[in-house]
J.: 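For reference, the structure I am asking about is given below.
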Amino acid sequence: MGKNSLIGGSIWDEYSQKVQDRMNNPQHMGEFSEEDAKNRNAKLIVADFGAESCGDAVRLFWLVDEKTDKIIDAKFKSFGCGTAIASSDTMVDLCIGKTVDEAVKITNLDVEFAMRDNPETPAVPPQKMHCSVMAYDVIKQAAAHYKGINPEDFEDQIIVCECARVSLGTIKDVIRLNDLHTVEEITQYTKAGAFCKSCVKPGGHEKRDHYLVDILAETRAEMDREKLKNATKNDVAFDEMTLVGQLKAVESVLDTEIRPMLHNDGGDLEVIDIQKAEGGAIDVYIRYLGACSGCSSGSGATLYAIENILQEELSPNIRVMPV
């Protein structure tokens with residue numbers, strides 16, 4: 001299978017060498033028969049899964065040693081594009097030698113990561129990422145068949161996008177691994193939100209418990225907090241920072257942790273000053289704005305929450321003073 005029969009132009013360079021090799025020379029494409037299983041004293045398991053997001057489908061064959069529940073060999077047949085073939089071939093590689101229970105823990109991200117030439121660079125371009133997300137589902141089908149249970153019994157993930165069967169954990173991992181900043185990028189990488197769009201934001205045709213806009217904001221906030229903590233640990237402790245450094249650190253925590261909460265109620269706050277006090281205390285003077293300026297909780301529960309977050313994130317010596 002030549003390059004020109006798959007894709008053209010510079011996009012070919014966005015595929016890892018591992019993906020290109022498996023596209024052209026898959027190592028595990030084929031099938032097993034009952035006779036093959038009998039000759040190897042194993043149980044034959046056959047499972048199918050079709051990805052509605054792109055029309056691809058995969059059939060997975062396992063030979064399982066029933067004494068140990070170990071998958072002694074595996075093959076696949078893929079009805080889809082080169083990316084689907086490469087990812088299916090990699091998925092089979094990851095299955096062989098594992099027990100059935102271990103194989104169920106293989107995720108779509110494990111498959112994609114295994115196809116990377118280096119940990120920092122995605123194995124396939126974003127617009128083809130959805131073709132490599134069938135592994136978890138077909139493995140679950142095979143394991144359920146072997147154990148005689150329903151595939152749903154393995155489902156411990158919260159599904160955000162029902163159309164493309166993308167879980168909350170997968171979306172968060174993709175955002176972190178690829179440093180995504182927009183919902184459109186999430187859709188490119190996972191196909192979540194590409195179809196009925198009810199999972200993108202509130203107001204769609206079907207109410208959801210989780211929306212991509214919120215997941216993105218929460219995950220980015222978590223990443224910012226972790227970055228801030230690492231910077232504080234590796235550089236200068238908050239108590240030893242200059243006034244400018246302390247102000248930047250406080251503003252960063254306010255932006256990610258506190259202001260979104262206040263904005264929901266029509267309020268806000270601004271930092272007026274930061275001063276060192278007796279006994280090593282660091283006083284952060286704030287002024288409430290908008291709806292918060294007349295709220296009674298500004299000197300009670302809200303003030304306590306703000307102070308507690310700043311103490312946890314930056315320094316236990318911080319005191320918050322409303323003016």
Side-chain angles (χ1 to χ4, degrees), residues 6-7 11-29 49-58 60 74 76 78-98 102-142 154 156-161 163-194 212 215-216 219 223:
L6 292 170
I7 50 179
I11 194 175
W12 180 261
D13 296 330
E14 296 185 53
Y15 287 79
S16 72
Q17 188 59 50
K18 289 180 181 178
V19 169
Q20 296 181 46
D21 291 343
R22 288 183 183 273
M23 281 181 177
N24 292 308
N25 297 293
Q27 302 300 303
H28 304 291
M29 183 178 283
F49 180 77
E52 296 179 6
S53 60
C54 58
D56 290 336
V58 62
L60 177 63
F76 77 96
S78 180
F79 308 94
C81 66
T83 304
I85 291 172
S87 62
S88 297
D89 200 49
T90 303
M91 175 265 293
V92 168
D93 247 353
L94 296 177
C95 286
I96 295 174
K98 289 184 173 62
E102 290 171 339
V104 171
K105 297 177 182 178
I106 297 171
T107 68
N108 297 324
L109 287 176
D110 291 330
V111 174
E112 192 275 332
F113 203 79
M115 294 192 296
R116 295 185 177 193
D117 291 334
N118 64 74
E120 292 77 28
T121 306
V124 300
Q127 61 266 43
K128 297 297 292 181
M129 192 70 73
H130 64 281
C131 299
S132 64
V133 294
M134 295 185 289
Y136 175 71
D137 290 280
V138 75
I139 288 173
K140 187 173 65 175
Q141 294 283 345
F154 292 111
D156 58 358
Q157 297 258 7
I158 298 171
I159 300 299
V160 174
C161 179
C163 300
R165 296 295 295 172
V166 186
S167 72
L168 176 62
T170 293
I171 294 170
K172 285 189 170 186
D173 287 344
V174 167
I175 292 171
R176 286 176 173 276
L177 279 172
N178 300 283
D179 193 25
L180 304 187
H181 289 81
T182 68
V183 169
E184 289 75 18
E185 287 177 321
I186 295 174
T187 301
Q188 278 188 317
Y189 274 80
T190 67
K191 283 300 177 184
L212 299 184
I215 298 169
L216 177 63
T219 306
M223 293 167 67

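What you see below is based on every heavy atom in this structure, not just the backbone, and it leaves out hydrogens, waters and symmetry mates. All values reported here derive from a predicted model rather than from experimental measurement.
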J.: In the structure I gave you, are the side-chain heavy atoms of Leu216 and Leu212 within less than 4.5 Å of one another anywhere?
T.: no
J.: I would like to know whether His28 and Ile96 meet side chain to side chain contact (heavy atoms under 4.5 Å, CB included); could you show each step before the answer?
T.: CA-CA 10 Å; His28 304 291; Ile96 295 174; 3.8 Å; yes
J.: For Ile85 and Met23: C-alpha separation, side-chain torsions, deciding distance, then whether side chain to side chain contact (heavy atoms under 4.5 Å, CB included) applies.
T.: CA-CA 6 Å; Ile85 291 172; Met23 281 181 177; 5.8 Å; no
J.: Under the salt bridge (charged side-chain N to carboxylate O under 4.0 Å, His left out) test, which residues partner Asp93, sequence neighbours left out?
T.: Arg22
J.: Kindly give the heavy-atom pair with the smallest separation between Val166 and Ile171, and that separation in Å.
T.: CG1-CG1, 3.6 Å
J.: Working to the nearest 0.5 angstrom, can you tell me the gap between Thr170 OG1 and Ile186 CD1?
T.: 12.0 Å
J.: Check the pair Thr90 / Lys18 against side chain to side chain contact (heavy atoms under 4.5 Å, CB included), numbers first and verdict last.
T.: CA-CA 9 Å; Thr90 303; Lys18 289 180 181 178; over 6 Å; no
J.: Quick one: closest heavy-atom pair of Asp89 and Pro26, and the distance?
T.: OD2-CA, 3.5 Å
J.: Could you tell me whether the side chain of Leu60 reaches within less than 4.5 Å of the side chain of Met91, counting heavy atoms only?
T.: yes
J.: Are Met223 and Asp179 side-chain neighbours, meaning at least one heavy-atom pair lies under 4.5 Å?
T.: yes
J.: Return the set of residues passing side-chain contact (heavy atoms from CB on, under 4.5 Å) with Gln17 (not counting sequence neighbours), or none when no residue passes.
T.: Gln20, Asp21, Asp117
J.: Give me the atom names and distance for the closest heavy-atom approach of Ala84 to Ser87.
T.: O-OG, 3.1 Å
J.: To check you understand the geometry: which heavy-atom pair defines the closest contact between Glu185 and His181, and what is its length?
T.: OE1-N, 2.6 Å
J.: Heavy-atom distance under 4.5 Å between the side chains of Arg116 and Thr121, does that happen here?
T.: no
